[in-house]
Number of protein chains: 2
Amino acid sequence: MRLSRYFLPILRETPKEAEIVSHRLMLRAGMIRQEAAGIYTWLPLGLRVLQKVTEIVREEMNRAGAIELLMPTLQLADLWRETGRYEAYGPEMLRIKDRHERELLYGPTNEDMITAIFRAYVRSYRELPKILYHIQWKFRDEQRPRFGVMRGREFLMKDAYSFDVDEASARLAYHRMFVSYLRIFARMGLRVIPMRAETGPIGGDQSHEFIILAETGESAVFCDAGVLELPVPDETVDYDGDLSPIVKQWTSLYAATEDVHDEARFERETPEGRRIHTRGIEVGQVFFFGDKYSKPMHAMITGPDGVERPFQGGSYGVGVSRLVGALIEANHDEAGIIWPASVAPFKVGLANLKAGDDAVDAACAKIYEALETAGVDVLYDDSDERPGAKFAKLDLIGLPYQLIVGPKGLAEGKVEVKTRATGARESLSVDEAISRLTLA
Amino acid sequence: MRLSRYFLPILRETPKEAEIVSHRLMLRAGMIRQEAAGIYTWLPLGLRVLQKVTEIVREEMNRAGAIELLMPTLQLADLWRETGRYEAYGPEMLRIKDRHERELLYGPTNEDMITAIFRAYVRSYRELPKILYHIQWKFRDEQRPRFGVMRGREFLMKDAYSFDVDEASARLAYHRMFVSYLRIFARMGLRVIPMRAETGPIGGDQSHEFIILAETGESAVFCDAGVLELPVPDETVDYDGDLSPIVKQWTSLYAATEDVHDEARFERETPEGRRIHTRGIEVGQVFFFGDKYSKPMHAMITGPDGVERPFQGGSYGVGVSRLVGALIEANHDEAGIIWPASVAPFKVGLANLKAGDDAVDAACAKIYEALETAGVDVLYDDSDERPGAKFAKLDLIGLPYQLIVGPKGLAEGKVEVKTRATGARESLSVDEAISRLTLA
């Protein structure tokens with residue numbers, strides 16, 4: 001993509017309203033724009049990251065055997081009355097009346113609707129187990145939205161729902177999603193810790209929050225440092241096999257959010273040198289809630305014994321839009337963002353230091369075309385800004401590699417490749433640089 | 001995908017509420033489920049088609065140089081007051097109040113918001129031309145939603161917006177989108193006709209609707225049969241070049257919707273034997289509206305002469321979710337849907353006629369794995385339903401190819417490949433069938 005044709009509105013000044021670094025950097029780097037409190041436009045650079053994050057979540061859900069569908073954003077209030085949640089949910093639910101005065105709401109989550117869908121079509125244990133998921137915009141009318149996309153009102157969530165005939169089978173679904181979550185966040189270069197957590201308004205008797213450690217996190221967390229060293233299953237993990245050893249390994253060391261923290265147990269189980277007490281950002285949460293929704297909604301399954309019973313369920317959320325902010329909280333320095341390769345909006349930023357100079361233009365055009373042909377995403381800064389501004393912009397937007405082409409180096413047959421994360425610089429020929437960045 | 005693991009709720013009975021064939025087939029084939037009037041869940045099979053349609057639209061927008069972003073579903077009422085559209089829009093606009101009694105609306109379109117975005121960042125003609133687009137859910141509170149996804153309330157639309165410093169340049173943007181639309185629909189196997197049309201609530205002085213001819217269409221249309229024979233530009237079309245000859249060729253024969261139809265002119269310009277008077281389905285519309293939004297919103301551009309002026313704009317919509325219905329209206333027979341290859345949810349339906357038979361299971365497993373490895377999307381019906389039910393289901397869901405494996409044929413080393421569109425059947429060895437379907 002040539003910058004002259006792109007839409008990348010970089011802000012020179014740090015917006016005052018942004019309290020945390022990810023919010024500041026997303027505004028400055030032209031990734032988002034606020035349209036109303038907690039409601040954002042994803043500008044082109046931000047959308048590319050959001051799409052990459054979404055695609056990793058989708059791939060890993062599919063790998064774990066979950067089936068994608070897409071529920072609408074608006075739901076009938078009557079549906080939520082079946083479970084008593086319409087009254088219970090409180091002011092965070094955005095309630096709407098249509099032109100016929102019919103009561104709707106903007107879905108904050110989808111347990112009720114997915115249960116209605118399941119109830120409409122599935123009768124027998126032979127059709128189970130099933131895990132269904134969707135990736136859709138949700139709305140929660142936060143009293144005080146802040147921290148940019150980290151606590152927005154309109155936000156993108158992946159929510160999966162499991163359906164099983166009995167509790168033993170439902171625990172297997174919980175394990176599948178648990179392991180899938182380990183992989184999702186690892187693929188984004190994030191080190192997450194599953195922590196025992198409160199179930200909150202979703203309900204149920206078991207829940208883990210998946211948490212990134214960060215000083216700017218919204219809640220206090222306590223864990224054993226050993227959990228930071230645990231291995232994440234690779235892509236050959238067998239989701240039809242026994243996943244309980246993995247789950248056991250990841251849940252046997254102490255890790256809990258402040259809501260369920262037990263200081264005495266923490267001190268008993270965790271050697272003093274390994275006790276971590278810091279703050280964390282929740283990027284996912286899994287719940288087992290049994291028949292909490294299936295029972296009031298009468299979503300019944302006939303078991304092998306011919307007896308009808310409500311299905312056993314769980315739900316599994318990932319905050320997709322929030323993750324973009326969390327990724328920046330975990331990956332930045334004073335100059336800007338440092339994208340992990342798997343979610344970078346472009347892999348390479350190509351800086352032409354003297355636009356209008358025939359030799360430099362030709363070298364840049366050659367590099368740009370060669371990399372694009374090789375399938376490498378390049379943002380080519382073909383503007384006539386001064387070099388310093390170009391360097392600052394590339395550091396700010398955080399592409400993994402910068403390829404810098406100027407008249408002086410080129411006269412000696414050299415261009416420069418800078419790795420954003422380390423600051424390391426290499427002086428290479430044009431062909432070497434192309435080959436280096438194609439293989440990187 | 002193994003059917004036993006999928007979620008494909010086929011309906012045995014034709015739903016009474018569905019008035020048109022696409023709605024009936026989408027319900028029966030387990031593609032959608034109604035959650036409220038005009039509000040649908042996209043079940044897994046339907047979502048796969050929606051995603052393929054979306055991806056074609058995205059690819060062709062990008063090819064034409066449009067830049068993707070993503071605006072939120074909810075907008076501030078105050079934004080629409082700047083253009084006077086908040087009052088003017090009428091009861092189709094879904095108006096919402098949040099917990100602080102702030103007035104919001106669920107966006108039915110985005111001219112106002114994109115103009116505000118543009119106004120916030122762009123000042124100079126040197127940053128133009130630009131075309132920005134997004135693919136997002138919209139809501140229009142239709143008085144009487146019907147025809148399934150063809151006239152839903154919550155629907156997925158691609159809407160692009162062009163920004164130019166003067167009218168001559170804005171016409172080039174209009175041409176770009178016009179040509180891009182020819183390609184989008186042709187890639188889906190649809191023959192569309194651009195017709196002169198009313199501008200309606202979007203406004204402006206020039207508009208074309210892109211229309212598929214269909215007896216079940218919502219409006220009467222009149223055109224010269226010659227337009228059905230015109231060539232669609234291939235992917236080498238140069239969007240930076242002069243596209244006016246293509247646009248001229250596609251607009252010089254008579255083609256108009258009933259709103260702007262001129263019978264005298266139709267009879268004068270079109271030989272009697274070439275006059276088509278039928279009904280049509282609108283799948284896209286392009287508008288040039290000049291400064292209709294930029295002027296009231298004071299979205300100003302400094303031109304080469306140093307003088308500020310409001311930008312010249314256009315907007316360009318494709319009804320993405322509606323297209324799924326339109327595709328079925330154009331591609332079905334009495335047995336069900338007949339998907340064009342480019343939007344088919346799976347390419348191949350593999351029918352195991354005797355699940356549980358070792359030889360048949362082994363052959364199916366081999367075929368399934370070989371095709372999946374080759375990147376061919378296969379839906380493998382591994383259920384123990386009787387053959388007749390499997391054939392009916394595969395015809396109903398309309399995958400381009402059926403691969404039928406039964407004990408009798410297999411004893412002679414043969415399986416059967418049926419092409420859904422033609423009904424043609426071929427008897428092939430297992431290896432021949434794999435190779436046939438990989439290359440098809």
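Just so it is clear, the model here is predicted, and its values are computed rather than measured. Labels below follow one simple rule: chain letters A, B, ... track the order of the sequence lines, proteins then strands, and each chain is numbered from 1.
Looking at B/Leu11, the atoms closer than 4.5 Å to chain A (heavy atoms on both sides) all sit in the side chain, from C-beta outward. Of the atoms belonging to B/Ala116, heavy atoms from both backbone and side chain fall under 4.5 Å from chain A. Neither the backbone nor the side chain of B/Gln34 has a heavy atom closer than 4.5 Å to any heavy atom of chain A. With a 4.5 angstrom heavy-atom cutoff, B/Arg126 does not touch chain A via any of its atoms. In this structure, the portion of B/Tyr40 lying under 4.5 Å from any heavy atom of chain A is its backbone and not its side chain. Neither the backbone nor the side chain of B/Met93 comes within contact range of chain A, judged by heavy atoms closer than 4.5 Å. Heavy atoms of B/Ser383 lying under 4.5 Å from chain A are absent altogether. Interface remark: A/Gln136 contributes side-chain atoms only to the contact with chain B (heavy atom separation under 4.5 Å). Contact of A/Leu43 with chain B is made through backbone and side chain together, with heavy-atom distances under 4.5 Å. The contact between A/Ile117 and chain B is made by backbone and side chain atoms together, counting heavy-atom distances below 4.5 Å. Within the 4.5 angstrom heavy-atom criterion, only side-chain atoms of B/Gln51, from C-beta onward, approach chain A. Using a 4.5 Å cut-off between heavy atoms, A/Ile131 makes no contact with chain B at all.
Within a 6.0 Å sphere centred on CD of B/Glu369, other residues, nucleotides and ligands contribute 12 heavy atoms or fewer. At most 12 heavy atoms of other shown residues, nucleotides or ligands fall within 6.0 angstrom of atom CD in A/Glu13. Sparse packing is recorded around CG of B/Asp384, with 12 or fewer heavy atoms of other residues, nucleotides or ligands lying under 6.0 Å away.
Judged by distance alone, the side chain of A/Lys130 and the main-chain N or O of B/Tyr6 form a donor-acceptor pair under 3.5 Å.
Salt-bridge formation is detected for the pair A/Asp240/B/Arg5: a Lys NZ or Arg NE/NH1/NH2 atom is positioned less than 4.0 Å from an Asp or Glu carboxylate oxygen.
A distance of 14.0 Å separates NZ of A/Lys97 from CG of B/Asp141, quoted to the nearest 0.5 Å. In this structure, OG1 in B/Thr41 is found 8.0 Å from CG in A/Asn110, a value given to the nearest 0.5 Å.
Between chain A and the residues B/Leu45, B/Asp98, B/Asn62, B/Val122, the largest count of heavy-atom pairs under 4.5 Å involves B/Asp98. For the options B/Ile39, B/Ile67, B/Leu104, heavy-atom pairs under 4.5 Å to chain A are most numerous at B/Ile67. Note: B/Met113 leads B/Arg102, B/Met113, B/Arg95 in heavy-atom pairs under 4.5 Å with chain A.
Using bins of under 30°, 30° to 60° and over 60° for the plane-to-plane angle, the ring pair B/Phe7/A/Tyr121 lands in the perpendicular bin.
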Checking B/Trp42 against A/His134 for the side-chain contact (heavy atoms from CB on, under 4.5 Å) test, could you report, in this order, the C-alpha distance in whole Å, the side-chain angles of both residues, the deciding distance, and whether it holds?
CA-CA 10 Å; B/Trp42 290 77; A/His134 75 158; over 6 Å; no
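When side chains are defined from C-beta on, B/His100 counts as touching A/Gln143, because their heavy atoms get closer than 4.5 Å.
Within residues 68-75 of chain A, the residues approaching chain B closer than 4.5 Å by heavy atoms are, in numerical order, A/Glu68, A/Leu69, A/Leu70, A/Met71, A/Pro72, A/Thr73, A/Leu74.
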